[in-house]
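Report on one structure; see the data block that follows.
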Amino acid sequence: MSNVMQREPPKFPCEIDTELDRISSLPGHVLGQILSLLPIRDAVRTSALKRKWRYKWSQIPHIVFDSQGISISSQDQTTIKNKLVNIIDHILLLHNGPIYKFKLSHCDLLGVSDIDRWILHLSRGSTKEFVLEIWKGQQYKLPSCLFSFKNLVYLELFNCLLKPPLAFKGFRNLKNLDLQHVTLAQEVFEKLISSCAMLERLTLINFDGFTHLNINAPNLQFFDVEGLFDDVSFENTFVLALVSIGLYVNVKNDQNVSYGSSSKLLRFFVNLPHVRRLEIQSYFLKYLAIGKVPSKLPKPCIDLNYLSIRLNFNDYEENSAALCLLRSCPNLQEIEILAHPEEQAVVGPVSDFWDDDHWKCLFGQLRLVKIVGISGIRSELDCIKFLLSNSPVLEKMTIKPVSKEEGWELVKQLLHLRRASIQAEVFHLEL
């Protein structure tokens with residue numbers, strides 16, 4: 001018997017082509033999904049594969065013009081602008097089918113007037129997702145035809161100026177609105193939010209033209225805001241569950257905000273009965289501390305399981321607001337506290353604040369605690385002691401000091417703190 005291995009006979013070219021081109025036999029909608037995942041440059045290039053692929057890309061429902069999909073090797077801004085405009089014009093002209101998603105986010109594209117023409121073209125179709133990000137130059141003033149999109153579900157704008165026509169009655173199907181570095185008037189903002197009855201997610205980052213965040217959105221579930229504003233209020237937001245809010249200015253220096261004696265903390269939570277995750281960033285805790293801070297909220301936030309706060313341990317008012325929140329959230333499972341090590345001025349008597357017996361409460365669900373940026377002052381250690389002694393099921397507390405020197409001293413002090421949970425582990429992380 002021969003030990004020589006027998007080789008299979010060579011396959012005919014047609015058999016090889018058939019095996020290598022199995023992708024071409026996939027259903028049309030699957031091919032469309034594959035092409036939609038490719039950068040627009042690569043999707044258009046598939047026309048060169050074979051006749052069956054010619055202009056297949058022209059039916060893809062998702063079109064994205066970004067720096068990954070279109071790369072232009074030139075330093076001249078005029079040349080870049082002309083090439084980009086020509087490419088986008090060419091692709092939209094040849095496209096043959098509905099465009100459900102359109103994204104224009106090229107790092108070299110200015111707010112040129114050609115965008116008006118592209119938006120007008122899309123407004124006559126069935127676009128559901130529209131993203132426009134102007135990364136260079138001045139804010140781009142959106143044309144009125146954008147506000148005639150009838151099927152819009154997702155709208156994301158960056159560096160734009162919004163001025164809807166008087167006849168604008170809202171986007172009736174809009175569920176996700178993301179506005180960053182935008183300008184719009186106060187009445188325009190309020191009308192935009194209240195007239196989008198289906199709105200579920202709202203993001204506002206660095207805005208201008210309005211300072212009062214009056215949020216009237218019955219279906220809103222997610223709210224993320226960072227910027228300069230004077231006031232925030234909620235109306236008909238009873239399903240709002242995820243809130244992240246940051247105020248860029250310290251309100252103790254802003255006389256326009258610190259008026260009256262009514263509690264901002266009470267007003268803030270009136271229409272947030274089911275909030276599950278709350279992130280209080282920048283100086284917003286100082287805003288919540290305006291007015292008479294109660295020992296706890298009239299109605300506890302029973303659904304809140306995650307709380308993140310940025311706290312100045314040297315500020316009595318902020319400590320009062322933080323404690324009110326902690327005592328009003330009986331089902332907290334995770335807490336994160338970001339300290340203000342850069343703010344050393346003491347505001348009010350805080351030396352024995354967290355050590356007072358009448359602050360005692362029980363965190364029956366708390367399992368994870370993380371405290372970042374502490375420097376070892378008395379109020380910080382008292383807060384750590386307060387959490388350890390009131391958390392019977394705590395599993396892990398992570399402490400991250402502001403510097404390595406303070407870290408070693410903290411380790412010595414933390415080892416001697418009493419813990420309500422026998423399984424609680426306290427970790428010290430160095431920078």
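Looking at residues two or more places apart in sequence or on another chain, you find a side chain to side chain contact (heavy atoms under 4.5 Å, CB included) between S391 and F363, L366, L394. Partners of F207 according to the ring-ring contact (aromatic ring centres under 6.0 Å, His included) rule, which considers only residues two or more places apart in sequence or in another chain, are F210. Contacts of Y248 classified as ring-ring contact (aromatic ring centres under 6.0 Å, His included), with partners at least two apart in sequence or in another chain: none. When the salt bridge (charged side-chain N to carboxylate O under 4.0 Å, His left out) test is applied to K136, the partners found at least two apart in sequence or on another chain are D108. Residues that satisfy the salt bridge (charged side-chain N to carboxylate O under 4.0 Å, His left out) test with K385, not counting sequence neighbours, are D355. Among residues two or more places apart in sequence or in another chain, the side chain to side chain contact (heavy atoms under 4.5 Å, CB included) test is passed with S194 by N216. Scored by the salt bridge (charged side-chain N to carboxylate O under 4.0 Å, His left out) test, D89 finds R117 as partners (sequence neighbours excluded). Legend: residues meeting ring-ring contact (aromatic ring centres under 6.0 Å, His included) with F284, ordered by chain and number and at least two apart, are F268, Y287. H121 is linked by a ring-ring contact (aromatic ring centres under 6.0 Å, His included) to nothing, counting only residues two or more places apart in sequence or in another chain.
Contacts classified as salt bridge (charged side-chain N to carboxylate O under 4.0 Å, His left out) and involving residues 270-279 (residues at least two apart or in different chains) are given here: R277-E279. Among residues at least two apart or in separate chains, side-chain hydrogen bond (donor to acceptor under 3.5 Å, both in side chains) pairs with a member in residues 166-179 are D178-Q180. Pairs passing the salt bridge (charged side-chain N to carboxylate O under 4.0 Å, His left out) check and including a residue from residues 192-206, sequence neighbours excluded, do not occur.
In this structure, V232 and V225 have side chains that are not in contact, with every pair of non-hydrogen atoms separated by 4.5 Å or more. Looking only at side-chain heavy atoms (C-beta outward), E334 and Y306 come within less than 4.5 Å of each other. Annotation: side chain of N390 is not in contact with side chain of L326 (no heavy-atom distance under 4.5 Å). Inter-residue side-chain proximity for P218 and F238 is flagged as unmet; no heavy-atom pair is nearer than 4.5 Å. When side chains are defined from C-beta on, L387 does not count as touching W354, because their heavy atoms never get closer than 4.5 Å.
Using a 3.5 Å distance cut-off with no hydrogens or angles, the side chains of E190 and N214 do pair a donor with an acceptor. Inspection of the H274 and D303 side chains reveals an N or O donor paired with an N or O acceptor under 3.5 Å.
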Check against ring-ring contact (aromatic ring centres under 6.0 Å, His included), F234 and F269: CA-CA 8 Å; F234 298 97; F269 283 95; 9.1 Å; no

Evaluation steps, side chain to side chain contact (heavy atoms under 4.5 Å, CB included), between L240 and N271: CA-CA 9 Å; L240 186 53; N271 286 296; over 6 Å; no

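Between A289 and E317, the closest heavy-atom pair is CB-O, 3.5 Å.
When atom types are taken as modelled, the side chain of Q186 and the backbone of H212 share a donor-acceptor pair closer than 3.5 angstrom. A donor-acceptor pair under 3.5 Å is formed between the side chain of E318 and the backbone N or O of N312.
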